[in-house]
Amino acid sequence: ILTRPGRVSPGRLSACRQVQADPVTGRQGGAGRRGVRMGRAWRGLLTLLLTALLTALLIIGGSGLRVQASPPGLQWGLGGAAPPQATGRVPISRQPFYPELLRTAERWHDAPLGQVVGESPRETLLNFYAVMARVDHDVQALIREAGTDPGWFWSEAARRRIATAEGLFDLAVQALDASDFPESIRDDRAQEAAIQLKQVLDYVFSHSDDPITVPDSAALKALNSQRSRSSDSWTIPQTGLTLTSELRDAVDNTSFLFSAGSVNEIGRMYALIADAPVAPQPFATPAFYRSFSDTPGFLVPPKWYLRLPAQLRLLLEIPLAGQTLFQLVLAGAALLLYSWVLLLLFRRLLRTYRYYQQDNEQSERPAARSWHQDNVAWFRVLLTLPVLPLTRLSDLFIDDLVNFTGDLLVVVTYLFFICYFLAASTFFFFLFEALGRSLAEWLVRLRGGGSELQLRRVSNLVMPVCRVLGGLVALALIYRLLIVLGLPSTTVLAFSAVPGLAIGLGASKLLGNLFAGLSIQTDRPVRVGEFCRIGDNLGFVTRIGLRSLELETLDSRVTIPNAIADEETIVNFTRRQRRGGESTLQSLALELTVQHSFSPEQMNDLLQLVRRELTAMDVVQQPLVSLRQEGVDGFTLLCHGLVNLSDWASYLALRERVLLRLDELVEQVRLSQRQIGVSYDTSAEQLETLPALIRAVVERDP
């Protein structure tokens, strides 16, 4: 009937319509009677009144307002007498497994600790059926008691009963192989499928034309001996429900579970029989799924909700899109609040990237801001961290408290899982970046340094590694998200092969730059802040990345791929100290051509003056001064020193200062000696007065 809905015979359908719900109870063990004799006339009138009431409830439910009907206590639960059945049907009380079902139910009632799954189809099926009937009986008993029990919240005793029912329900859910469901919705879909399966079994056991023999281990072996191919599985006759011990993910499994294919089809089976009348019989739970899906909470709704006026509950339980009006309003409010908080955090995160830009325009100490980058990085971590528990709590609120079910629950669960894993990926990327910032500052202070240039150099080495680690963790979380959402692992592996294929086909240059960047970071021919020449480009190194390095020249900023920089001849004008920490000195070489004829005494005076002047400058260390002859009447003054500079402005200012001072010294030496010519007929007395005259001139103009 369930596997071929299009081939249901008219006789079977008419028999389904002829089943009448008789709430009258018989004594236990009296199953099989076709009717119950009425002892008094007023009981017939009571039956008519109950029939009229049920008809009115069905009319209200058909118009869109559902009334939560609670089945009677034990009369349809754990072993009551069977009501009248339609002609040609085998009631559950006449089924061959019914006596053992009664014993199973009694065993679970006396000792509710055990295992639902068994080593035979009979053991698993009867355990599951009895436990689910017990769960529904306990839930409906608590719902009926909510109207008479004082208070708006469940008492301690009631909470213990709820915990017992939920524990039994979890045991029953374990009898379903839900491995085909995506991991993100596996538990929710398995719980819904367990309740739907119970009602499908109610329908099967009340519409069976022939007795159903559920095999035990010995009977299954005998059945396999008659088959052409042995199989550790059994299918309930006239249904697509199969119990099997052949599990895909557990090769050594010996317990029988409802197969994954059957669990996937339970929703479709339940949709076929959801509105069909079910004969009242022992262990039947006709309102189990509607009671579960149309109320907030998990198995048992909150007590305050059950104590609401009946008319208000009719309004709250108006069905919309597979949920009730109350559930949609609560879920919508939760989603709006969640979106609003996410928007606030995201806007605050964006402001952290504009912080330094605004600070650069106002601050007078841009170098000091480098030591506060770790604070901003940790602030970003704190902004992304609340998204993780907020997403999880919102998911639990809509899933467990609001109790979404069906396809809408799948959509909401997928949305929250996507947000959760994206937030986790962002969080770990920011976390590794913050760790890298803090580690760089710690290393600089550990080595005794404290300059902004030293921090930039260490950060340039540490940050790429931390970012790569953060990116790998984020990529692993994205792959995990694809698996959780139900993407096959083979497809995820195919996605994993895409980056390798891209590198092999079109990213060879990128790979070469990456290896060249690692070589530059390892050999360290240049570092950040050093003055060098790479090819035809002369300037300061401002950044060394995994793909390229940046060189700040006099007129522009040049980006050189690492592979090209590794092949070029690198001329580094910076001399690194072997001792003294991370301090580095940059070469400053100057040449000044002098087109005057100097005497040897003047050249010696010039060398002494230049050496004394450069030594007096605090910014110039280890000065070297020399001369190079250029023809007969000219020479070149050579000056070299070590300076601590890292930008073009400071470099040009110092170079200009030294050159101007050298020009002054050359002119001073040139004017320090004068030749005075005298006539041949000058007398000896006049020649003797010349020193006094020259002395007077010198004293007049020093």
Side-chain angles (χ1 to χ4, degrees), residues 337-395 416-481 517 521 527-529 542-547 550 581-582 646:
L337 180 61
Y338 175 76
S339 303
W340 179 69
V341 175
L342 281 188
L343 181 60
L344 290 181
L345 293 175
F346 183 71
R347 290 181 59 186
R348 195 70 183 90
L349 183 64
L350 290 181
R351 289 183 60 187
T352 61
Y353 288 95
R354 297 196 298 264
Y355 171 75
Y356 280 116
Q357 181 179 358
Q358 298 174 356
D359 194 57
N360 285 338
E361 299 174 356
Q362 302 174 1
S363 177
E364 297 180 356
R365 298 180 58 194
R369 289 189 300 273
S370 300
W371 293 93
H372 297 286
Q373 291 183 0
D374 61 331
N375 298 332
V376 178
W378 283 110
F379 184 62
R380 291 170 185 163
V381 173
L382 294 179
L383 285 177
T384 54
L385 179 60
V387 180
L388 301 178
L390 178 64
T391 304
R392 184 57 180 162
L393 289 176
S394 301
D395 185 20
F416 280 122
F417 265 86
I418 292 174
C419 294
Y420 184 86
F421 276 91
L422 291 181
S425 302
T426 307
F427 168 76
F428 279 105
F429 184 80
F430 285 154
L431 177 62
F432 277 97
E433 183 174 2
L435 290 175
R437 298 285 184 189
S438 299
L439 179 61
E441 293 187 9
W442 180 76
L443 289 176
V444 171
R445 291 191 173 95
L446 182 64
R447 300 178 67 178
S451 67
E452 185 265 346
L453 179 60
Q454 294 170 353
L455 179 61
R456 286 170 52 197
R457 288 171 178 169
V458 176
S459 298
N460 196 258
L461 181 63
V462 174
M463 290 307 299
V465 178
C466 292
R467 284 170 178 165
V468 168
L469 292 177
L472 292 177
V473 174
L475 184 62
L477 288 174
I478 296 299
Y479 281 150
R480 176 61 181 167
L481 172 63
Q521 293 282 14
R527 295 187 302 180
V528 173
T542 58
R543 185 185 65 85
I544 301 177
L546 292 178
R547 192 196 68 85
E550 289 183 357
E582 287 289 326
S646 60

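If you read the sequence from its start, that first residue is 1, and numbering goes on from there. Note that these values count all heavy atoms, side chains included, but never hydrogens, waters or copies made by symmetry.
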Participant: Any sub-3.5 Å donor-acceptor pair from T352's side-chain atoms to L349's backbone N or O?
Facilitator: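 Yes.
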Participant: Is V387 close to V341 at the side-chain level, that is, under 4.5 Å between some pair of heavy atoms?
Facilitator: no
Participant: Mind listing the closest non-hydrogen atom pair of R437 and A377 along with its distance?
Facilitator: CG-CB, 4.2 Å
Participant: Between L343 and R347, does the side chain to side chain contact (heavy atoms under 4.5 Å, CB included) criterion hold? Intermediate values first, please.
Facilitator: CA-CA 6 Å; L343 181 60; R347 290 181 59 186; 4.3 Å; yes
Participant: With rounding to the nearest 0.5 angstrom, report the OG to CG distance, S339 to L344.
Facilitator: 11.0 Å
Participant: Going by heavy atoms in the side chains, are R380 and Y353 under 4.5 Å from each other?
Facilitator: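 Result yes, sub-4.5 Å side-chain heavy-atom pair found.
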Participant: Within this structure, what is the OG1-CD1 distance for the pair T391 and I418, rounded to the nearest 0.5 Å?
Facilitator: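 The OG1 atom of T391 sits 12.0 Å away from the CD1 atom of I418.
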Participant: Please report the interatomic distance CD(Q373) to OG(S438), rounded to the nearest 0.5 Å.
Facilitator: 11.0 Å
Participant: Considering non-hydrogen atoms only, spot the tightest contact between A424 and L388 and give its length.
Facilitator: N-CD2, 3.5 Å
Participant: Looking at every non-hydrogen atom in both residues, tell me the closest pair between F421 and R480 and how far apart they are.
Facilitator: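 Between these two residues, the closest heavy atoms are CE2-CG, 3.5 Å.
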Participant: If every non-hydrogen atom of S459 is compared with every non-hydrogen atom of P464, which pair is closest and at what distance?
Facilitator: O-CD, 3.8 Å
Participant: Are the side chains of L390 and S394 in touch, meaning some heavy atoms are under 4.5 Å apart?
Facilitator: yes
Participant: Side chains of L469 and F428, heavy atoms from C-beta outward: is any pair under 4.5 Å?
Facilitator: no
Participant: Kindly determine whether L382 and W378 satisfy side chain to side chain contact (heavy atoms under 4.5 Å, CB included), including the steps that lead there.
Facilitator: CA-CA 6 Å; L382 294 179; W378 283 110; 5.6 Å; no
Participant: What are the two closest non-hydrogen atoms of D374 and E441, and how far apart are they?
Facilitator: OD1-OE2, 3.1 Å
Participant: For L477 and L481: C-alpha separation, side-chain torsions, deciding distance, then whether side chain to side chain contact (heavy atoms under 4.5 Å, CB included) applies.
Facilitator: CA-CA 6 Å; L477 288 174; L481 172 63; over 6 Å; no
Participant: What do you reckon, is CZ of R543 surrounded by more than 12 foreign heavy atoms closer than 6.0 Å?
Facilitator: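 Yes.
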Participant: Find the distance between CG (L461) and CZ (R527) and round it off to the nearest 0.5 Å.
Facilitator: 10.5 Å
Participant: With rounding to the nearest 0.5 Å, note down the distance linking CZ in F429 to CG in L472.
Facilitator: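 Reported value, rounded in 0.5 Å steps: 11.0 Å.
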Participant: Honestly, is R348 close enough over F379, meaning NZ or CZ under 6.0 Å from the six-membered ring centre and within 45° of the axis?
Facilitator: no
Participant: Nearest heavy-atom pair of F432 and G470: which atoms, and what distance?
Facilitator: CD1-CA, 3.6 Å
Participant: Look at the aromatic rings of F416 and Y338 and report parallel, tilted or perpendicular, splitting at 30° and 60°.
Facilitator: perpendicular
